[in-house]
Structure formats: structure tokens, C-alpha cells
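Working notes, beginning with the structure itself.
Quick caveat: nothing in here was measured; it's all calculated off a predicted structure. Residue numbers start at 1 and run along the sequence shown.
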Amino acid sequence: NRPSNHNKYIGFFGQTNYATIKNLSLTNVNFTNAYIVAGSFVGLSRSTTIDNCSASGIVALSGIAVNYSTSIAGGLVGYAFCSSSGSSTCTIRNSYSTASVDSGGGIYIGGLVGYITSTTILNSYSTGSVESASSNSGGLVGHKTSSGTVTDSFYDKETSGKADTGKGTGKTTAQMK
């Protein structure tokens with residue numbers, strides 16, 4: 001947890017810009033004092049590639065400053081987008097989250113990523129719980145714009161409590177093993 005004046009973007013990396021994160025595992029994360037954008041690895045991921053990474057623990061939006069119309073949380077990444085300038089590859093691949101994600105009243109909540117724009121999720125999965133009543137929540141991805149893609153990626157529909165369409169494939173706990 002960080003002091004309340006520093007929690008706009010919460011994650012091991014609060015923000016990334018044109019970065020590559022590879023072969024990293026975070027265990028028992030506990031980000032429970034976030035109010036705008038939160039993820040175990042990255043809160044706000046700009047034009048970033050994440051490859052062969054994993055996270056377990058808790059990501060939760062909380063506090064009186066949660067913006068109920070824009071707050072974003074994901075088990076691995078809060079908000080992933082690709083900048084229109086330059087020629088970068090924005091991909092989350094071969095990665096997973098077992099983290100529990102709690103919306104705290106926020107709107108874009110996903111087991112792996114809260115919100116994606118112009119980003120590809122490939123060969124990745126989520127098995128954690130997703131606590132959110134928002135229609136913009138999902139077992140793998142909370143909200144995916146038309147420029148985002150999800151390929152060969154899955155979520156546990158039993159542990160997440162979600163049954164979304166077009167944002168990853170839901171499987172039973174037994175099928176996930």
C-alpha cells in the first residue's frame with residue numbers, strides 16, 4: 001500500500017511506456033489502497049509488451065476517492081493501451097494471474113486486465129476471483145475496445161464468477177487444470 005497522495009497508478013510498476021517486461025513472477029501482492037488504475041504488474045501500461053509473467057495475491061480499489069465511472073483494476077495490468085504514434089507492439093502473452101480483484105465500486109475490472117485498447121492478449125489466463133457488479137467486468141478482461149484482441153486466452157468462470165463473451169474463453173475449474 002502507498003500513501004493516498006501517490007495511488008493514482010498502482011502496481012509493481014505504476015506506469016510503463018514503451019517497455020518490455022519478461023520472465024517475472026510476483027507472489028502474494030497486496031495492492032489494496034488504489035483508487036484510479038491498479039494491476040499487480042502495471043497500473044497504466046502504455047505501448048508495453050509483457051511476456052511470461054505471473055502474479056498472485058490481491059488487487060483492490062478502495063477508499064473514498066474511487067471514481068465510480070472511470071476506476072480500472074486487473075490481476076496483472078490495470079489499463080493496457082498502445083500509443084498511435086510509433087510502431088510498437090503491445091502484447092500480453094504467455095502470462096497469467098491467480099490474483100483476486102475487487103472493484104471497490106470501480107467500473108472496469110478484469111481477472112487479467114481491466115481495460116485494453118489496441119493491445120493483444122495471447123496464450124494467457126486468469127483463475128482469481130473477480131468481485132464486481134459492473135457490466136464492464138470479466139473473468140479475463142473487464143472492457144475490450146474494438147481495437148483490442150484476445151487469442152487463445154482463458155479464465156476460470158467458476159472462481160471468477162463471470163461468464164463473458166468476446167473477452168476470453170470461460171472454462172470450469174476442472175478444465176483449467
Side-chain angles (χ1 to χ4, degrees), residues 1-27 29-63 65-67 69-99 101 103-104 106-126 128 136-138 140-153 167-168:
N1 290 331
R2 296 179 182 171
S4 60
N5 62 339
H6 297 291
N7 61 1
K8 186 173 181 182
Y9 304 117
I10 295 294
F12 187 74
F13 304 101
Q15 300 180 62
T16 58
N17 196 17
Y18 294 94
T20 298
I21 304 169
K22 294 174 94 171
N23 306 320
L24 184 61
S25 182
L26 299 177
T27 305
V29 300
N30 186 9
F31 295 117
T32 56
N33 193 24
Y35 72 92
I36 299 292
V37 181
S40 293
F41 269 82
V42 185
L44 178 61
S45 170
R46 293 183 188 100
S47 302
T48 294
T49 294
I50 297 173
D51 189 8
N52 195 35
C53 292
S54 64
S56 68
I58 299 169
V59 176
L61 298 173
S62 64
V66 170
N67 184 327
S69 63
T70 61
S71 292
I72 302 168
L76 201 68
V77 175
Y79 181 19
F81 76 95
C82 206
S83 173
S84 60
S85 62
S87 59
S88 65
T89 301
C90 307
T91 306
I92 298 169
R93 69 176 160 252
N94 305 321
S95 297
Y96 68 91
S97 170
T98 62
V101 184
S103 73
I107 192 165
Y108 302 110
I109 311 301
L112 190 74
V113 182
Y115 193 112
I116 65 168
T117 301
S118 300
T119 298
T120 297
I121 297 176
L122 178 64
N123 297 326
S124 297
Y125 69 90
S126 172
N136 288 301
S137 64
L140 190 74
V141 175
H143 181 77
K144 178 181 78 67
T145 65
S146 60
S147 62
T149 58
V150 178
T151 305
D152 296 327
S153 296
K167 301 184 290 182

### Task
List the steps, then state whether side-chain hydrogen bond (donor to acceptor under 3.5 Å, both in side chains) holds for Thr91 with Thr120.
CA-CA 5 Å; Thr91 306; Thr120 297; 5.0 Å; no
>> Applying side chain to side chain contact (heavy atoms under 4.5 Å, CB included) to Ser118 and Phe81, what does each step give before you reach the verdict?
In response: CA-CA 6 Å; Ser118 300; Phe81 76 95; 5.8 Å; no
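The two residues Ala55 and Leu76 come nearest to each other via the heavy atoms CB-CD1, 3.9 Å. Between Thr117 and Ser147, the shortest heavy-atom distance links the atoms CG2-OG, 3.6 Å. Residues Gly168 and Leu140 approach most closely at CA-CD2, 3.9 Å, considering heavy atoms. The nearest pair of heavy atoms linking Leu44 to Tyr79 is CD1-CD2, 3.5 Å. Here the closest non-hydrogen pair linking Gly43 and Val37 is O-CG1, 2.8 Å. Scanning both residues, Val101 and Gly74, for their nearest heavy atoms gives CG2-C, 3.9 Å.
Side-chain N/O atoms of Ser124 and Ser95 include no donor and acceptor closer than 3.5 Å. Of the N and O atoms on the side chains of Asn94 and Asn52, not one donor lies less than 3.5 Å from an acceptor on the other residue. In summary, the side chains of Thr20 and Thr49 do not present any donor paired with an acceptor at a separation below 3.5 Å, with no hydrogens or angles considered.
Considering only heavy atoms from C-beta on, Phe13 stays 4.5 Å or farther from Thr48 through its side chain. Residues Thr119 and Val77 form no side-chain contact, since every pair of their non-hydrogen atoms from C-beta on lies 4.5 Å or further apart. The closest side-chain heavy-atom distance from Asn123 to Arg93 is not below 4.5 Å. For the pair Phe12 and Val29, the minimum side-chain heavy-atom distance is 4.5 Å or more.
A parallel orientation is assigned to the rings of Tyr96 and Tyr125, their planes being inclined by less than 30° (bins at 30° and 60°).
Checked options Ile109, Thr145, Val141, Asn136; the residue passing with Tyr115 is Thr145 (criterion: side-chain contact (heavy atoms from CB on, under 4.5 Å)).
Residues satisfying the side-chain contact (heavy atoms from CB on, under 4.5 Å) test with Ala99, not counting sequence neighbours, are Ser40, Ser97.
We find the CD1-CZ distance between Ile21 and Phe41 to be 7.0 Å, quoted to the nearest 0.5 Å. Ile121 CD1 to Thr149 OG1: the interatomic distance, rounded to the nearest 0.5 Å, is 8.0 Å. The distance from atom OH of Tyr18 to atom SG of Cys90, rounded to the nearest 0.5 Å, is 7.5 Å. A distance of 13.5 Å separates CD1 of Ile116 from OH of Tyr108, quoted to the nearest 0.5 Å. A distance of 6.5 Å separates SG in Cys53 from CG in Asn23, rounded to the nearest 0.5 Å. Separating the CD1 atom in Ile92 from the OG atom in Ser153 is a distance of 9.5 Å, to the nearest 0.5 Å.
Under a 3.5 Å cut-off, the side chain of Ser71 and the backbone N or O of Ile107 do not form any donor-acceptor pair. In this structure a side-chain-to-backbone donor-acceptor pair under 3.5 Å is missing from Lys167 to Val150.
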